[in-house]
Amino acid sequence: MGCGRSRHHSQHGAAASAAGAAASDGRRMYIRRGKSETAEPAKVSPSVNGMVPSDEPMTVLLVFAREDAQSVVFAKAAERLGLPCETVSGPEAAMESYICCRQDLVIIDRRRGASKQPQQLEFADSLVKAMRAVSQSEFTTFVAATGAASDGNSSSASLSELVRLGFDLKFPESVSVESCTELLTSVWHNNFQLQQKLAALTALFTALDACSDSVEITNEKGQIQYINAAQERLHGRSLSELLGRSCFEQQQQQQAAKFDKMPEESAALLQTLRKGREFEEDFCSPGRGGAAASGPASQQLQRRRQTRRYLPVKGRHGKMQHIVCVTTRCKEHLPTTAKPPPSSHQEICRHVGEEGEKTDDRSGKDIDSMKRSRSEMMGIIRKTSMQSMRSVSSIPLDASLFGALSRMAKIDCGTGKIGSQSLEAPIHKVIQLIGIAQQDSPPSVTSALDRVLEILHHATDLYSGELPATLEDKITSDYVGGLMIGARPADKKRSGHFGTRQSSLANMQSLSEIPEQFIGYLEGDDEWEFDILELERVTNNRPLVYLGMKILQRFNVCQLLQCSEDTMLNWLQVIQDNYHQENCYHNATHGADVMQSSAYFLERIRVKAALDEMDEAASIIGALVHDLDHPGRTNPFLINSRHRLALLYNDVSVLESHHVSLAFQLTTRDDRINIFKNLPPDEYKSLRQGIVDVVLATEMARHFEHVGKFANQIVAPLLAGRDSGPSDEASSGIGNMAAEEEALELLAKPENRALIMRVLIKCSDISNQCRPLKLCKEWSRRISEEYFQQTDEEKALDLPIVMPMFDRANCNLPQSQISFIDFFLREMFSVWHAFCDVPQLLDNMNNNYAYWKQLAAERSHGGSGSGNSEEQ
C-alpha cells in the first residue's frame, strides 16, 4: 500500500459518503433538491449528508367504496395536519390517481361492511397488488383499514397476512379524529421520512454512476457490494461479476504488484477503518489491462498516478457497516523510470520518515506557525466549551481552521444524530471536534492538533498542574510536590499509631444556652477578622461546639433538618471529640475556622444567589467534618506507611474519604445525635451527596482541577456577559437586567452550584495566608510544626520523606509560605474575588506575602537560624 494519511470521518450512509468523496477533488455534483420554498418546521425531513429532500408535504389517497364516517374522519385528520388528500371510490379511479400522482400514503378500505360481502376484501387485495406493480411504489406506504377487532369478522386479518398481501400497516376501524390524526402523524414521522431518504439515496447513486471517479462500496469485511460505471470500466468487469469478492484482491490485480504481506496490511487497514478513521494512499497504475507489461515496449509506457481513499461508514449498532473506496486519477503522469510510491509496510515507514526529515528542514516560519496555532487552538477549545464563540473571532488564525470551528457549532458533536440517547463523555466530544478541525486545516495546524490529541489521550487529569521541569527552587519543588503527589514508592511496611478520642460533653442543654463568658468572644463571627484562636483559648480548646451552635442558629439548620436543638448539640459534641486536639494544626479549632470562613463566604451576594438552604447546610456541615479524625499526617505518609486507611481506600483520597465516612457513621449509629433522621429519603440523599462532594474537594491533589473548571465554566462567562453589555446610559439598565438574568441562569445549573461549593470549601480550608497577619503567622507556625513531626517520624521509620524542606534543622519557613501563595493561593483567590467580591482577602494576602518576602530577604542576607523562629 502507499503512503497513508488517516483522519476522523463520520457519515450518514455509504452512498452519501461516496458522493461527498467523489466531489471533493474540485468537481461539483448537481442534484435537484425539489422546491426551494421553506417548509414548515414540523414538516422538514431529515437530510442525507447535507442533501435536503423535497419540502413538499405528504400526500394522501383514500380509497373507499362509499363515503362513510371512516372516510370522513380520515379527510378531517388530513385537513387538520395540512396534508393534501384525495378520496376515490372505484378501482379504476384509484389506479388512475395513483399512476398520475404517486401519493405517499394510500389508505384502502378492507372492511366487509354491513352487507358482510367478501367482494370488498378481494377488491382491496387486488388493488394493493396492482399499485405495488407501479414503478416507484416503494416510496408509498399502504394502509389497510380493517374492521374493528370486536366485530369478530374475518376482515380483521392479522398484520402478517396483510404484509404478505402488500400492505404496510393496519388500522382497525375507528371514527375518532384523534386516532386518524395519530396514524397520519406516525406515518409521516416514520415511513414518509424514510421514503424521503430513499429518494435522496436514489439520486446519490445516480450521481455516482455519472461520476468520473471510480467508486466502490464494500461491507465491513471488504466484500464488494456496489461499484459505479467508472469502476466497472477500470476493472473491465460488471458488478454481477465482482459482487461478493474482496476489494483487496481486485486492487492487487489492478496495481499488478506482488504483495508479500497483503493479508497483514489488509487487516491493519480494516482495523484503522473500524476506529472511524479515513485512510488515503497513493499508487501508480500501469495502464489498461490490469497487469504490468513486460519487454522493451513496456518501458515506454507512462504510469498514471492515482489516489485511493477509504471512508468508513457506521451503520447498525454504531459499528462500521460499509467501506467506501474512491479512486481519483491525478493529472500528472510519471515515467517508468520514476521511483514508484512505497508498497510495503517497511517502505511506508521509510517514506514517512523521509517526509518527516524534509519537514524538519523547513524554515522556522512553519514551526512558529505551528506553535502559534497550538496555543490558539487550545484557547479556542476552552472558549468553545464555555459557549463564548464570539471571542474566538478576535484570535488571528487560519481561515480554514476558523471555518471548521464555525461548522462545529452547527452539528451534534456527540453522536451526529438528533435525539440520540447514547452516553458520551465531554472529552470525547472535544476529541471529535478536534478531528473535524483537522480535516480542512493546513499541515502546521494539523500537526499541532495531533499533539493536542496525544495529550488528551494520555492525560489522566486535565486540570492538575505540573511543576516545571526546569524549576530551580528546591524548596518550592519539594513543598508543592509533596502536597500534589498522591504517593511515593514505599520501601517498608509501616503503620503509624494514632490515638482515639474520649468524649467530654459540655454542660449546655440547648443551642441557646451559650455560657455568658463566651458571648463576647463569639461576637463578630460573621466578619473576616474573627479571632478563632482567642475563642480556642477561652473555651479550653473547644471552639467548634460554641461557634458551631451560633452559626447553625444563624443559618436555621435545625429547622431545615427538622431536628431538635438537643440533637444538634449532642452531634456537635461528638464531632468535637473525634478531632485530635493534640494535633498542632488539624484539630477542632481548624475545623471551626473553616466553618467560620465558609459561613462568611455564604453571606456574599453572588453566593447567596447561587445556593439554596440545602446547599448552605451541606457547606457548613461539610466544613465542620472535613478533617474529622485527622491523624496529623498527609496522604502520602499514610500510603508509604501502608496504613490501614490507605489500604481501605486503595490509596485514593484516603483522608478525605475517611473524614466524611466516619462523620456519617458517627451520626447515623445513634438517634440521639442523628441530625438527619427526620429528613425525607430524597432530601437526605441530596444533602449527603453535597456533604460528601464538599469534603472530597479539599484534597490538594485535585486543587487545579476544581479551580480551573470554576474559572472556565463560571467566572469567565460571567465576566464575558458583564463586558458585553451596552455602553450607552440609555440602554445600560436593560442590559444590566439581561446580564443579571443570564448570570442567575448560569449559577442555577446543578453542576455549577456543586462547583461553587467545592471552591468555597477550598478557599475556606487554605485561607490562612488571607487572614490578618497575627492569625496568619500562628497558623503558619502550627502547620509547619505538624510537618516537622511528620518528617521526624518518616526518618525514625525509614520511610520516604515526602517534604524534605520541612526538616526542623534547616527549614526556610518564609520561603515555604511564599511558594504556597504563588502556586496555590494567588490564582484561586483572584478568581474567587472576581466571583463574589472579597477584596479584603486579597489585601491581607498581599500584605502577608510582603511580610514573608521581607523575612526571606533578611535570611538570605546573613540571617541565621531557622526561618520558623521569627518574632510573633
Side-chain angles (χ1 to χ4, degrees), residues 32 34-35 37 39 43 45 53-115 117-147 155 157 161-171 173-175 177 180-181 183-188 190-200 202-203 206:
R32 185 173 300 276
K35 293 185 178 181
E37 293 87 346
K43 297 183 179 180
S45 300
S54 172
D55 57 1
E56 294 181 353
M58 181 178 72
T59 56
V60 182
L61 175 64
L62 302 178
V63 184
F64 284 76
R66 63 183 183 279
E67 182 178 344
D68 60 0
Q70 186 64 78
S71 63
V72 171
V73 295
F74 268 123
K76 288 184 178 180
E79 182 181 2
R80 174 185 293 184
L81 296 176
L83 303 178
C85 180
E86 180 183 3
T87 303
V88 296
S89 57
E92 295 81 9
M95 285 299 300
E96 181 180 356
S97 175
Y98 183 72
I99 293 174
C100 177
C101 301
R102 300 291 205 285
Q103 286 87 351
D104 303 302
L105 172 62
V106 177
I107 302 176
I108 302 177
D109 184 11
R110 200 177 181 277
R111 300 169 298 167
R112 282 191 175 186
S115 60
Q117 297 180 356
Q119 289 81 358
Q120 184 65 28
L121 303 182
E122 297 175 0
F123 159 78
D125 296 343
S126 60
L127 180 61
V128 71
K129 290 179 181 179
M131 288 184 171
R132 282 292 188 189
V134 177
S135 61
Q136 285 80 46
S137 63
E138 63 269 22
F139 303 124
T140 300
T141 300
F142 294 92
V143 177
T146 64
S155 69
E161 294 179 59
L162 295 175
V163 170
R164 180 175 54 83
L165 293 172
F167 291 96
D168 298 299
L169 297 173
K170 170 185 176 181
F171 181 80
E173 184 177 11
S174 173
V175 294
V177 178
C180 296
T181 303
L183 172 68
L184 298 182
T185 303
S186 176
V187 171
W188 176 87
N190 297 306
N191 305 67
F192 178 69
Q193 289 191 354
L194 291 177
Q195 292 158 3
Q196 289 284 76
K197 283 191 174 184
L198 287 175
T202 302
T206 303

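In this text the structure is predicted, and so the values were computed from the model without any measurement.
Closest of all the heavy-atom pairs between Arg132 and Phe167 is NH2-C, 4.4 Å. Looking at every heavy atom in both residues, Gln103 comes nearest to Tyr98 through OE1-CA, 3.5 Å. Residues Ile107 and Ala145 approach most closely at CG2-CB, 4.3 Å, considering heavy atoms. Nearest approach of Ile108 to Leu127, heavy atoms of both residues: CD1-CD2, 4.1 Å. For the residue pair Ser97 and Leu61, the shortest heavy atom distance occurs at OG-CD1, 3.8 Å. Between Val73 and Cys180, the shortest heavy-atom contact is CG2-SG, 3.6 Å.
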Please list every donor-acceptor pair under 3.5 Å in which a side-chain atom of residues 87-94 meets a protein atom from a residue at least two apart or in another chain.
none

>> Please evaluate residues Met95 and Val134 with respect to the criterion side-chain contact (heavy atoms from CB on, under 4.5 Å), reporting the C-alpha separation (whole Å), side-chain torsions for both, the decisive distance (0.1 Å), and the verdict.
In response: CA-CA 9 Å; Met95 285 299 300; Val134 177; 4.1 Å; yes
> Could you go step by step and tell me if Val63 and Val106 meet the side-chain contact (heavy atoms from CB on, under 4.5 Å) rule?
Replying inline: CA-CA 7 Å; Val63 184; Val106 177; 4.3 Å; yes
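Thr181 contributes a side-chain N or O that, together with a main-chain N or O of Val177, makes up a donor-acceptor pair within less than 3.5 Å. In this structure a side-chain-to-backbone donor-acceptor pair under 3.5 Å is missing from Asp125 to Val128. At distances below 3.5 Å, at least one donor-acceptor pair connects side-chain atoms of Arg102 with backbone N or O atoms of Ser135. Side chain of Ser126 to backbone of Glu122: a donor-acceptor contact under 3.5 angstrom is found. One N or O on the side chain of Gln70 and one on the backbone of Ser174 form a donor-acceptor pair closer than 3.5 Å. Of the possible polar contacts, one joining the Asp104 side chain to the Thr59 backbone as a donor-acceptor pair under 3.5 Å is found.
Taking Phe64 as the reference, nothing meets the ring-ring contact (aromatic ring centres under 6.0 Å, His included) condition, with sequence neighbours excluded.
Residues Val143 and Leu183 have side chains in contact (heavy-atom distance under 4.5 Å, counting atoms from C-beta outward). The side-chain heavy atoms of Arg110 and Leu162, taken from C-beta on, include a pair separated by under 4.5 Å. Using a 4.5 Å heavy-atom threshold, the side chains of Leu169 and Val187 count as touching. No side-chain heavy atom of Leu105 sits less than 4.5 Å from a side-chain heavy atom of Thr140. At a threshold of 4.5 Å between non-hydrogen side-chain atoms, the residues Phe171 and Thr146 do not count as touching. Looking at heavy atoms from C-beta onward, Cys85 lies in side-chain contact with Leu62 at the 4.5 angstrom threshold.
With rounding to the nearest 0.5 angstrom, the CG atom of Leu81 is 14.5 Å from the NZ atom of Lys76. Interatomic distance, CG of Asn191 versus CE of Met58, reported as 9.0 Å (0.5 Å rounding). Expressed to the nearest 0.5 Å, how far CG of Leu121 lies from CZ of Arg111 amounts to 11.5 Å.
Between Phe192 and Phe139, the gap from one ring centroid to the other reaches at least 6.0 Å.
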